[in-house]
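Worksheet: the structure to be examined is printed underneath.
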2 protein chains.
Amino acid sequence: MRILLVEDDAEVARFVKKGLQEAGHTVEHAANGRDGLFLAASEGFDVLVLDRMLPGGVDGVRLVETLRGQGNRSPVLFLSALTAVDERVKGLKAGGDDYLTKPFAFAELLARVEALGRRPSAEVPTTRLKVADLELDLLSRTVTRGGRKIDVQPREFRLLEHLMRHAGQVVTRTMLLEKVWDYHFDPQTNVIDVHVSRLRHKLDKGFDKPLIQTVRNAGYMIRAQ
Amino acid sequence: MRILLVEDDAEVARFVKKGLQEAGHTVEHAANGRDGLFLAASEGFDVLVLDRMLPGGVDGVRLVETLRGQGNRSPVLFLSALTAVDERVKGLKAGGDDYLTKPFAFAELLARVEALGRRPSAEVPTTRLKVADLELDLLSRTVTRGGRKIDVQPREFRLLEHLMRHAGQVVTRTMLLEKVWDYHFDPQTNVIDVHVSRLRHKLDKGFDKPLIQTVRNAGYMIRAQ
DNA sequence: GAACACCCATGCGGATCCTGCTGGTCGAGG
DNA sequence: CCTCGACCAGCAGGATCCGCATGGGTGTTC
């Protein structure tokens, strides 16, 4: 996990950085708010660990507010000697996700950092493909166009999926044979043509704009007109 | 925001519920783990606030583990009188997202709950379900146990999916007929038995721990032993 | 321990579904 | 006009899938 630590106290910083690294994470360290902001804004981190009070104009709260203002949603854990409830509330309200007061047990810091990093921000797998008004839902194996459900066969589904994953690019017959049919040779028949035809028939029935274009001597391409 | 509060202490529950409601949130309350699990599994909440220790078999940690096993990723805040670092770490490691010790200031609870709810995690569709070493990938329509791929028929897949979505709960025959077969009547045959049997055969071949348990006169249940 | 209800496993047969091929037609490009 | 690539309707073999019936277990109740 990539973690950014912004902490001015060299002693604390060393201690935290070492521990996180030993737990298998990558840690970048900045000693003041300005550097921290720069790093956080330019690189992608899974979790930010920020000291609440920092030297220089940019303290922890400012830093988070700025990041959030830029649309950066990285989870933030505040680390602070300010224990008052009001301070904690302020940190959370500013956009922090957690708040740990010094002194703290490293085990808890680690657990909290990992809890923050556990969030599904990183790996959101694509679950639906979309080209113009045509949608393909990988989860339910469902195809809809303009909201109307369209029944397709498994092979047709694979074919369409492959086309849509390469929307706007020409897909050659050889690629299709490889990826959709698992043929590693030329079957010497027009299987592909037939399936493309069937697919077109289903997709375009009742619509005017055809979606699948043939590219002569090359293959097929799907594209939002 | 929709919040589920699972807390057995009536006094605390009333206090928290009232406060959250006054802050403009909708609060459901369950007084024990079993009810809490049921609610959390059947309805969608933005945040779960769980007492760490609960009467009855299902305590806070068990509850979270079960939910996470079902692929439910709702953020969880633990509320507990157990202040030891080890306890806090345990709660977070189990899948909790935050941990607040009693007594607490309501302002801080509110700030933390709102910080949790702020996350974009709410509507990430589940793409894989897991129970013990059995995994079901909705995207690829694939079932694996202990890393080994298992081929299942469509109907078997739906059956298994439904069981896994309700892991740890008994699933009645009527529910299965409704949800898996779309029958709204009793077909007077043993269709279900047959499919459960086939599924068991495939899932348990080569493993020792059986996964699907039958609950006499009630239905079936899948659970990590 | 007998009767009963419930549950399990297996084999079978029908139905559906799926897919690739053929063969004839069309149309673009030269 | 000729040729080649692309298109499409229909067909038929096969595979898959699914539900049912049957007969055998197992736990429960009286």
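Numbers restart at 1 for each chain; the letters A, B, ... are given by sequence-line order, proteins then strands. Here the structure is a predicted model, which is why all the values come from computation and not from measurement.
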Leading and trailing nucleotides of DNA chain C with any atom under 4.0 Å from heavy atoms of chain B: C:dA5 to C:dG11
Smallest separation among heavy atoms of B:A132 and B:L211, with atom names: CB-CD2, 4.2 Å
salt_bridge(B:K209, B:D133) N-O dist < 4.0 Å: no
Report, one line per pair, each donor and acceptor closer than 3.5 Å where one atom sits in a side chain of residues 195-202 of chain B; sequence neighbours left out.
| unit_1 | atom_1 | unit_2 | atom_2 | d |
| --- | --- | --- | --- | --- |
| B:H195 | ND1 | B:V191 | O | 3.3 |
| B:R200 | NE | B:I212 | O | 3.3 |
| B:R200 | NH2 | B:I212 | O | 3.3 |
| B:K202 | NZ | B:D151 | O | 3.4 |
| B:K202 | NZ | B:E156 | OE1 | 2.9 |

Under 4.0 angstrom between B:W181 side-chain N/O and D:dG19 OP1 or OP2: yes
Set of side-chain hydrogen bond (donor to acceptor under 3.5 Å, both in side chains) partners for B:K205, sequence neighbours left out: none
Contacts of type side-chain hydrogen bond (donor to acceptor under 3.5 Å, both in side chains), residue A:H162, not counting sequence neighbours: none
Protein-nucleotide distance (B:L199, atom CG; D:dC18, atom C1'), rounded to Å: 14 Å
Any A:Y220 side-chain nitrogen or oxygen under 4.0 Å from OP1 or OP2 of D:dC7: yes
Strand-adjacent residues in residues 149-161 of chain A, judged by heavy atoms under 4.0 Å from DNA chain D: none
B:R216 vs A:G219, nearer the 5' end of DNA chain D by closest nucleotide: A:G219
Contact list for DNA chain D against residues 188-196 of chain B - heavy-atom distance below 4.0 Å: B:T189, B:N190, B:V191, B:V194, B:H195
Non-neighbouring partners of B:Q153 that pass side-chain hydrogen bond (donor to acceptor under 3.5 Å, both in side chains), sequence neighbours left out: none
D:dC7 phosphate, OP1 or OP2, under 4.0 Å from A:R200 side-chain N/O: yes
Ion pair check, B:E114 and B:R118, cut-off under 4.0 Å: no
Lys/Arg N to Asp/Glu carboxylate O, B:E87 vs B:K90, below 4.0 Å: yes
Set of ring pair (Phe, Tyr, Trp, His ring centres under 6.0 Å) partners for A:F207, sequence neighbours left out: none
Residues B:E7 and B:K102 bridged, charged N to O under 4.0 Å: yes
The helix from C:dG1-D:dC30 to C:dG30-D:dC1: angle between end helix axes, five pairs per end, rounded to 10 degrees: 30°
Nearest-Å distance for atom pair NZ/C1', residues A:K202 and D:dA9: 15 Å
Charged N-O contact under 4.0 Å between B:D98 and B:R112: yes
Salt bridge (Lys or Arg N to Asp or Glu O under 4.0 Å): pairs with one or both residues in residues 169-180 of chain A, sequence neighbours excluded: A:R173-A:D193
Min side-chain heavy-atom separation A:T26-A:M1 under 4.5 Å: no
Those residues that, when tested against B:R155, pass salt bridge (Lys or Arg N to Asp or Glu O under 4.0 Å) (two or more places apart): none
Positions of residues 168-179 of chain A (non-hydrogen atom under 4.0 Å from DNA chain C), listed by number: none
Carboxylate-amine/guanidinium contact A:R158 A:D182, below 4.0 Å: yes
